[in-house]
Amino acid sequence: MERKVRVRFAPSPTGGLHLGGVRTVLYNYLFARHHKGDFVLRIEDTDQTRFVEGAEQYIMNCLEWCGLIPDESPENGGPHVPYRQSERKHLYKDYAELLIESGHAYIAFDTPEELEKMRAENKRDDNTNPQYDQRIRGLMRNSLTLSAEEVAALIAQGTPYVVRIKMPENETISLTDMIRGEISFDSSLVDDKVLLKADGMPTYHLAVVVDDYLMQITHAFRGEEWLPSAPVHVLIWKYLGWKEKMPLWAHLPLILKPDGNGKLSKRDGDRLGFPVFAMNWTDPKTGEITKGFKEMGFLPQAFVNMLAMLGWNPGVEQELFTMDELVQRFSMERVHKGGAKFNFDKAKWFNHQYIQHTDNAVLAGLVKPFFLQSAPEAIQVSGEILEKVVGMVKDRCHLLTDFWEQGHFFFVTPEIKEMAVIKDKWNDQKQQFFTAWITELENMSDWNHDALETGCNELAPKFGLKKGDVMLPLRIMLVGGKFGPGVFAIAELIGKEETIKRIKSITG
RNA sequence: GGCGUGUUGGUCAAUCGGUUAAGACGCCUCCCUUUCACGGAGGAAUGACGGGUUCGAUUCCCGUACAUGCUACCA
């Protein structure tokens, strides 16, 4: 008797895909896979004024990057095509009419100006936001206040109208939320939401119910911001006679900004220097680019893992999970109720962990595009060299973009940024040592780490120098700064000619 | 203003009435390393506040405070 689990992610294609959106997708995906169910992508494009070119394809790209591929979608179809609400437009009106016939909805002719006027006139200190509620509806121009003839005439004249739900008086509407338990609302305090707009498109309220029903959705997950309109949706399910089929709801906690309070927004990312969108988003109107986690150098697996743990945890100490492990362990009941402040440092930590655990050859492939971006001319190196470099510097890298910063000196002669470290303690002994060592290096037949190190160690004392006196200047000469892997390992890899060249550039 | 939801260390968080209130990130100290990292060992919470219920509350109930969301012919 159990229905097959079917969940859906229903974004509206209006711009970049936010962290919170990706997390909603992820929880949908994990839940569906855990229960061997279906994961549907449905595009909620009923607001034609907010349509943004390319946003839908962009969302698909983000899901693909994250490895959260829907089973059914506008692109790949499925048993419930179409998956774009704009293409389902014809479906909704019939249901709105059904509601009118049963007396649970009505036609309203009020113009936007009239609505504005109503709000202005009814605004009080103790009611700063007048709603189209049971008192107000008796004062407006709708099929409740007008006679049937008047209504018919207005429609015949082509007067634009909307369909509104008629909220009952003094009823307690309650629902069970998988995360929050029982939640109830007083119907008298919910307003008569518009269900069908004047352009014939449904609003979210009608569309979400009709489509969830038609697509046989069993569990509906969405952000906490939807909670206040949940009673409207519950009532529509009931009035349409589908109550038995209503999905189980779960309202996910919000992702908050790191400083202060409030929902994390794109602006916060710009302000604090971290991405909020999954991938780069280019506004087609302004051309403005907003950075994404992908382009910032995140591994999708790390990004997903981090998101999974932001608001949910399996109750064990382990924090690193493969997608399969997440699928296995995920349960909606363990989602935290309160919102979570986004912590970019922790996100970077996850990425660092994944970088360490990724095979060097694979990592080299991932890093290469970033290298090409940083210095296209520098990359005429073999994959083998890149792989070695990646292996040598990976423990210093949190983001893929860090690899160039940490390993550029393997490919290009570095700019000496810490010249003072060499100059301040320079003396004749050092000058003589390096001159002598260069000669030694030039004659070295077996160029490798160990030979270089022993050679250096044996030569330094002859000039009254300790190993420590010589190591740091050498590092700066080869690397440009006080960082990086072992100096001799670097020298081995960049080769004799380049090593000598870099030393000479300082010693003259 | 109204309605909803939430509140364990700077952050993410475990605890499903009885613990010295886990762990992770970040921060600080030390060790390792004659660089930077990595790694290792330490340090830092009287669980928003006030009432109950109970032999016993971080855990259950109520109130207050605070935070946040919604209050469009947007989703």
Hey, mind stepping through A/Trp404 and A/Phe409 against ring-ring contact (aromatic ring centres under 6.0 Å, His included) and telling me if it holds? CA-CA 9 Å; A/Trp404 178 250; A/Phe409 51 83; 9.6 Å; no
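- Taking atom P in both B/rG47 and B/rU33, the straight-line distance is 43 Å, to the nearest Å.
- Residue contacts for A/Pro112: at a heavy-atom cut-off of 4.0 Å it reaches a base atom on one of the strands shown.
- As a whole-Å value, the separation of A/Arg475 CZ from B/rC36 C1' is 7 Å.
- Listed candidates were B/rA75, B/rC25, B/rG4. Nearest to the side chain of A/Glu44 is B/rA75.
- Taking atom NZ on A/Lys466 and atom C1' on B/rU34, their separation rounds to 9 Å, with Å as the unit.
- Atom CG in A/Asp395 sits about 5 Å away from atom C1' in B/rC38, given to the nearest Å.
- Considering only side-chain N and O atoms, A/Arg334 lies under 4.0 angstrom from the phosphate OP1 or OP2 of B/rU15.
- Nucleotides B/rU54 and B/rC12 place their P atoms 35 Å apart, quoted to the nearest Å.
- Among the protein residues, A/Gly311 comes within range of the sugar-phosphate backbone only, with heavy atoms under 4.0 Å from sugar or phosphate atoms but none that close to a base.
- The cationic group of A/Arg164 lies under 6.0 Å from the six-membered ring centre of A/Tyr132 and within 45° of the ring axis, placing it in a cation-pi geometry.
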Just to be sure I follow the notation: if a pair is Watson-Crick (purine N1 to pyrimidine N3 plus N6-O4 or O6-N4) or a G-U wobble (N1-O2 and O6-N3), each under 3.5 Å, what dot-bracket string does RNA chain B give, with | for pairs to another strand? (((((((..(((.....[....))).(((((.......)))))....(((((..]....))))))))))))....
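- Taking the C1' atoms as reference points, B/rG52 lies 34 Å from B/rA44, given to the whole Å.
- Contact annotation for A/Phe350: no contact, since no heavy-atom pair falls under 4.0 Å across all strands.
- Taking side-chain N and O atoms only, A/Thr46 has no distance below 4.0 Å to OP1 or OP2 of B/rC74.
- B/rA48 and B/rG9 are spaced 7 Å apart, taking the P atom of each and rounding to whole Å.
- Between A/Arg119 and B/rU71 there is no side-chain polar atom (N or O) within less than 4.0 angstrom of OP1 or OP2.
- Within the 4.0 angstrom heavy-atom criterion, no nucleotide atom of any strand lies near A/Pro231.
- One P atom belongs to B/rG23, the other to B/rU64, and the distance between them is 37 Å to the nearest Å.
- Paired with A/Phe293 under the rule ring pair (Phe, Tyr, Trp, His ring centres under 6.0 Å), one option of A/Phe277, A/Phe274, A/Phe350, A/Phe298 passes, and it is A/Phe298.
- Minimum atom distance to the side chain of A/Lys346 is reached by B/rC25, of the listed B/rU71, B/rC3, B/rC25.
- Remark: side-chain polar atoms of A/Thr172 are not paired, donor with acceptor, to backbone N or O of A/Asp186 under 3.5 angstrom.
- Counting only heavy atoms from C-beta on, A/Leu227 has its side chain closest to B/rG4 among B/rA75, B/rG4, B/rC12.
- Tested against A/Thr159, the residues A/Val151, A/Thr111, A/Leu154 include a single side chain to side chain contact (heavy atoms under 4.5 Å, CB included) partner, A/Leu154.
- Listed nucleotides: B/rA75, B/rA14, B/rC73. Nearest to the side chain of A/His336: B/rA14.
- Rounded to the nearest Å, the gap between the P atom of B/rU46 and that of B/rC55 is 29 Å.
- Each of A/Val163, A/Leu195, A/Ile165 was evaluated against A/Leu99; a single residue qualifies, A/Leu195, per the side chain to side chain contact (heavy atoms under 4.5 Å, CB included) test.
- With P as the reference atom, B/rU35 and B/rA21 are 41 Å apart, rounded to whole Å.
- For the residue pair A/Glu498 / A/Thr413, a side-chain donor-acceptor distance below 3.5 Å is found, with atom types taken as modelled.
- Among the atoms of the strands shown, none is found under 4.0 Å from any heavy atom of A/Leu196.
- Residue A/Lys337 is in sugar-phosphate contact alone, with no base atom involved, counting any heavy-atom pair closer than 4.0 Å across all strands shown.
- Using a 4.0 Å cut-off, some side-chain N or O of A/Asn313 falls inside it from OP1 or OP2 of B/rA14.
- Across B/rC73, B/rA37, B/rG26, the shortest atom-to-atom separation from the side chain of A/Arg396 is found for B/rA37.
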Could you go step by step and tell me if A/Glu325 and A/Arg329 meet the salt bridge (Lys or Arg N to Asp or Glu O under 4.0 Å) rule? CA-CA 6 Å; A/Glu325 290 173 321; A/Arg329 291 172 183 268; 5.9 Å; no
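- At a threshold of 4.0 angstrom between heavy atoms, the contacts of A/Ala340 are confined to the sugar-phosphate backbone, with no base atom among them.
- Checking B/rC3, B/rG1, B/rA24 against every side-chain atom of A/Glu319, the shortest atom distance belongs to B/rA24.
- Between A/Lys341 and B/rG26 there is no side-chain N or O to OP1 or OP2 distance below 4.0 Å.
- If A/Glu317 and A/Met471 are placed on RNA chain B by their nearest nucleotide, the residue sitting closer to the 5' end is A/Glu317.
- Comparing A/Ile179 and A/Tyr204 by the nucleotide of RNA chain B that holds the closest heavy atom to each, the one mapping nearer the 5' end is A/Ile179.
- With sequence neighbours excluded, the residues forming a side chain to side chain contact (heavy atoms under 4.5 Å, CB included) with A/Glu44 are A/Ala10, A/Ser12, A/Arg42, A/Gln85, A/Tyr204, listed by chain and number.
- Residues in residues 386-398 of chain A take part in no side-chain hydrogen bond (donor to acceptor under 3.5 Å, both in side chains) pair, two or more places apart or across chains.
- Atom P of B/rA45 sits at a distance of 24 Å from the matching atom of B/rC31, rounded to the whole Å.
- Taking side-chain N and O atoms only, A/Arg164 has a distance below 4.0 Å to OP1 or OP2 of B/rC73.
- Among the protein residues, A/Val162 comes within range of the nucleic acid bases, having at least one heavy atom under 4.0 Å from a base atom.
- Separating the CE atom in A/Met60 from the OG atom in A/Ser73 is a distance of 4.0 Å, to the nearest 0.5 Å.
- A search for side chain to side chain donor-acceptor pair (under 3.5 Å) contacts involving A/Glu56 returns A/Arg84, not counting sequence neighbours.
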Compile the donor-acceptor pairs under 3.5 Å between side chains in residues 456-476 of chain A and protein atoms, sequence neighbours left out, one pair per line.
| unit_1 | atom_1 | unit_2 | atom_2 | d |
| --- | --- | --- | --- | --- |
| A/Asn457 | ND2 | A/Glu453 | O | 3.0 |
| A/Lys467 | NZ | A/Glu453 | OE2 | 3.1 |
| A/Asp469 | OD2 | A/Lys466 | N | 2.7 |
| A/Arg475 | NH1 | A/Phe483 | O | 2.5 |
| A/Arg475 | NH1 | A/Gly484 | O | 3.4 |
| A/Arg475 | NH1 | A/Pro485 | O | 3.2 |
| A/Arg475 | NH2 | A/Pro485 | O | 2.8 |

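- Residue A/Gly338 is in sugar-phosphate contact alone, with no base atom involved, counting any heavy-atom pair closer than 4.0 Å across all strands shown.
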Please tabulate the protein-to-nucleotide N/O contacts below 3.5 Å involving nucleotides 62-69 of chain B, giving atom names and distances.
| unit_1 | atom_1 | unit_2 | atom_2 | d |
| --- | --- | --- | --- | --- |
| B/rA67 | O3' | A/Asn261 | ND2 | 3.4 |

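- For B/rA75, the OP1/OP2 oxygens have no side-chain nitrogen or oxygen of A/His205 closer than 4.0 Å.
- Here the side chain of A/Ile183 is nearest to one of B/rC25, B/rU71, B/rG4, namely B/rG4.
- As judged by a 4.0 angstrom heavy-atom cut-off over every strand, A/Asp110 is placed among the base-contacting residues.
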